[in-house]
Amino acid sequence: MTSMSLARGHVEVLQFLRDRTSVVFTFLFPALLLLLFGTIFGDSYDQAGVSASQVYASSMLAYGILTTGFVTMGAGLAMDREDGTLKRLRGTPLPLTSYLIGKLILVLTMAVAEAALLILVGVVVFDMPLPDASHWLTFAWLFGLSVIVCTLLGVAVSGIVKHARSAGAILNVPVVILQFISGVFIHPITQLPTWLITVASLFPVKWMAQGFRYVFLPDSMKSLEAAGAWELGRIAMVLGAWCVIGLVLCLATFRWSEKDR
Amino acid sequence: MEAIEVTGLRKTYQGREAVAGIDLVVARGEIFALLGPNGAGKTTTVEILEGHRRRNGGDVRVLGEDPGTAGRSWRSRIGIVLQDADDAADLTVTEMVRHVAGFYPEPRTADEVIELVGLTAKKTSKIRTLSGGQRRRVDVALGIVGRPELLFLDEPTTGFDPEARRQFWDLIRTLAGDGTTILLTTHYLDEAEALADRLAVLAGGQIVAEGTPATLGGRAAAGAKVSWQEGDRTRTEQLADPTELLRKLVADGADLRTLTVTRPTLEDTYLTLIGARK
Ligand SMILES: Nc1ncnc2c1ncn2[C@@H]1O[C@H](COP(=O)(O)OP(=O)(O)OP(=O)(O)O)[C@@H](O)[C@H]1O
Ligand SMILES: [Mg+2]
């Protein structure tokens, strides 16, 4: 089963890389946004030693993972259902788990590359300092949990995407809304009305962004967070809970084909 | 044990019956063809047998198991060529065939099946760039790469050129010769005649005739039509057995340069069967 999962992963990555437009749009878009936001808002922060562009560079990691995980997975599954990939595979002894692990490998590969690109832009263009080892440790579990949550939710949401061609439109609605209310595009998040912060706190993106800011920004920046603290424990808890919710949703909504219910 | 045993199979879509109670037995090693007009229920039936669709009623045994619940080991024993697929467009022929081969316990090699379907010249091409018939041959390659005991082919030769079709027929005969059971649907009656040991005609979700290509729909008993020239006149006679008439014509010294003896083709029989239903 392991070899089949790896083979699926290989084929997924291969197919993704060969589809140039999707490479450019899903992959380079977050980095372009970062360049844009970072350049427009530049140094406009009161906090000493931190620029707005550095805040964007760290928060944007949440966006990068969300698009690679949620959008790639959601749209990819809808596409696989439509073009017959899933049906083909279902007629073979390939276990469903191997198919899903293959997708996870794709998402993980893309997310690692995406994160590396965003960090690179942050460091090279916006002088973002790299953190110490203990912060990288936090980065590791935060990154892992974020990828799993986004991937699971992507699988779950693909169940309600009827046609692959509408996938992008449907999936980007929650993505864009969450960016605005979760402190990715607009930070300090405390500028938002309290109720909106409460709403954002129910979803994983706010916690992902907060966590990445902890990793890359100086400790003093915690005063700009909703709770005035980094809340690492709570981040882990919320993301862990979303893993469970995502898994349950996946199992409830997964369909092999559009036609036969 | 038979390869396929179906009794009283029913399938409804939104309350409308697409398969209305069919019985079917396909023996091991047999080539069985399912014919029928568009919308007759062929794909529905075949996909239920493949485990792709759920049935609403009836008993189905495929290689001794219920396809609705059968597991991976069962899937490793069947091969499927779906009516339409356009997956894996960005992979090359070899990449895709090799990939799928990796799912089976004792697969054929990629090169071997690519050769069998006549795609060797195209094996490093992306599937996206293949012509319709070439793309279809990839589907066939993927269907047989796992060395199936039972092969389902839903209109496998759509888009094949005449030569490719002959090649495909040879391939199917070879597979059958090795003991593979084959269930195929087709709209080409010459294909059914050339390949099938037995066949059934499906119309409106029901089997309207079943038999061998020679006997289907009373074809063997339908007799022959004899026609010949007598002076300026064309004479035609329809007889159960033309032997006597032919003997007499020879004895009488009739002009036999224009003599024809025709028996209903499978296509005639089929059209009569379908027409009679309307
Ligand atoms: N998923 C579906 N939902 C609703 N109706 C369906 C579905 N699939 C098939 N049908 C209907 O069931 C009937 C049988 O369809 P099926 O695809 O089995 O026919 P077929 O014999 O394979 O036809 P063809 O020769 O055109 O391939 C048709 O009337 C079709 O419209
Ligand atoms: Mg069909």
Side-chain angles (χ1 to χ4, degrees), chain A residues 1-24 26-27 72 75-103 105-106 110 163-165 254-261, chain B residues 11 13-14 18 43-44 46-56 67-68 70-92 95-96 98-107 126-129 135 138-139 142-143 145-146 148 150-152 154:
Chain A
M1 195 184 106
T2 321
S3 71
M4 283 190 224
S5 307
L6 291 178
R8 279 306 306 164
H10 176 231
V11 161
E12 293 279 6
V13 173
L14 209 61
Q15 284 177 293
F16 175 77
L17 291 178
R18 286 184 186 168
D19 184 0
R20 293 280 155 70
T21 45
S22 73
V23 174
V24 172
T26 56
F27 193 70
T72 309
L77 256 150
M79 195 64 214
D80 281 357
R81 218 184 288 126
E82 200 155 290
D83 71 14
T85 300
L86 262 174
K87 198 168 180 179
R88 158 106 53 220
L89 296 177
R90 197 200 182 183
T92 73
L94 181 84
L96 174 60
T97 340
S98 291
Y99 168 77
L100 292 175
I101 293 175
K103 280 272 186 243
I105 291 175
L106 170 66
M110 285 171 65
H163 303 289
R165 78 185 110 85
F254 186 82
R255 276 174 297 122
W256 281 102
S257 69
E258 189 48 58
K259 276 189 179 168
D260 195 50
R261 295 208 180 203
Chain B
K11 171 75 181 177
Y13 294 109
Q14 290 102 40
T43 298
T44 302
V46 171
E47 293 204 354
I48 290 171
L49 302 183
E50 294 164 349
H52 278 315
R53 300 192 198 197
R54 293 181 193 290
R55 59 184 186 268
N56 296 99
R72 290 184 52 208
S73 63
W74 178 80
R75 287 185 201 287
S76 70
R77 297 163 62 200
I78 63 168
I80 298 176
V81 176
L82 294 169
Q83 181 163 1
D84 45 22
D86 40 31
D87 55 326
D90 286 312
L91 299 179
T92 68
E95 279 168 347
M96 183 58 178
R98 194 168 283 157
H99 178 57
V100 172
F103 305 157
Y104 292 90
E106 288 167 52
K126 295 240 180 82
I127 292 177
R128 180 188 298 288
T129 66
R135 154 89 246 194
V138 176
D139 291 333
L142 295 174
V145 75
L150 169 61
L151 178 60
F152 294 100
D154 198 355

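Naming: A, B, ... by sequence-line order, numbering from 1 per chain.
- For chain A, the nearby parts of T92(B) are the backbone and the side chain; heavy atoms of each come within less than 4.5 Å.
- Contact count against chain A (heavy-atom pairs under 4.5 Å) is highest for F103(B) among F103(B), Y104(B), F152(B).
- When the salt bridge (charged side-chain N to carboxylate O under 4.0 Å, His left out) test is applied to D154(B), no partner is found at least two apart in sequence or on another chain.
- Interface remark: L82(B) contributes side-chain atoms only to the contact with chain A (heavy atom separation under 4.5 Å).
- Here the closest heavy-atom approach between residue E50(B) and residue P67(B) is recorded as C-CB, 4.4 Å.
- The backbone N or O of L150(B) sits nowhere less than 3.5 Å from a side-chain atom of R77(B) that would complete a donor-acceptor pair.
- Judged purely by atom type and a 3.5 angstrom limit, K11(B) uses its side chain to pair as donor or acceptor with the backbone of R54(B).
- For the set T85(A), T92(A), D19(A), L89(A), the count of heavy-atom pairs under 4.5 angstrom toward chain B peaks at T92(A).
- The shortest side-chain heavy-atom distance between H52(B) and T43(B) does not fall under the 4.5 Å cut-off.
- Within residues 9-17 of chain A, the residues having any heavy atom closer than 4.5 Å to a heavy atom of chain B are V11(A), L14(A), Q15(A), listed by residue number.
- Residues that satisfy the side-chain hydrogen bond (donor to acceptor under 3.5 Å, both in side chains) test with R55(B), not counting sequence neighbours, are D66(B).
- To the nearest 0.5 Å, the span separating CG on D139(B) from CG on D87(B) amounts to 7.0 Å.
- With sequence neighbours left out, Y99(A) forms a side-chain hydrogen bond (donor to acceptor under 3.5 Å, both in side chains) with D80(A).
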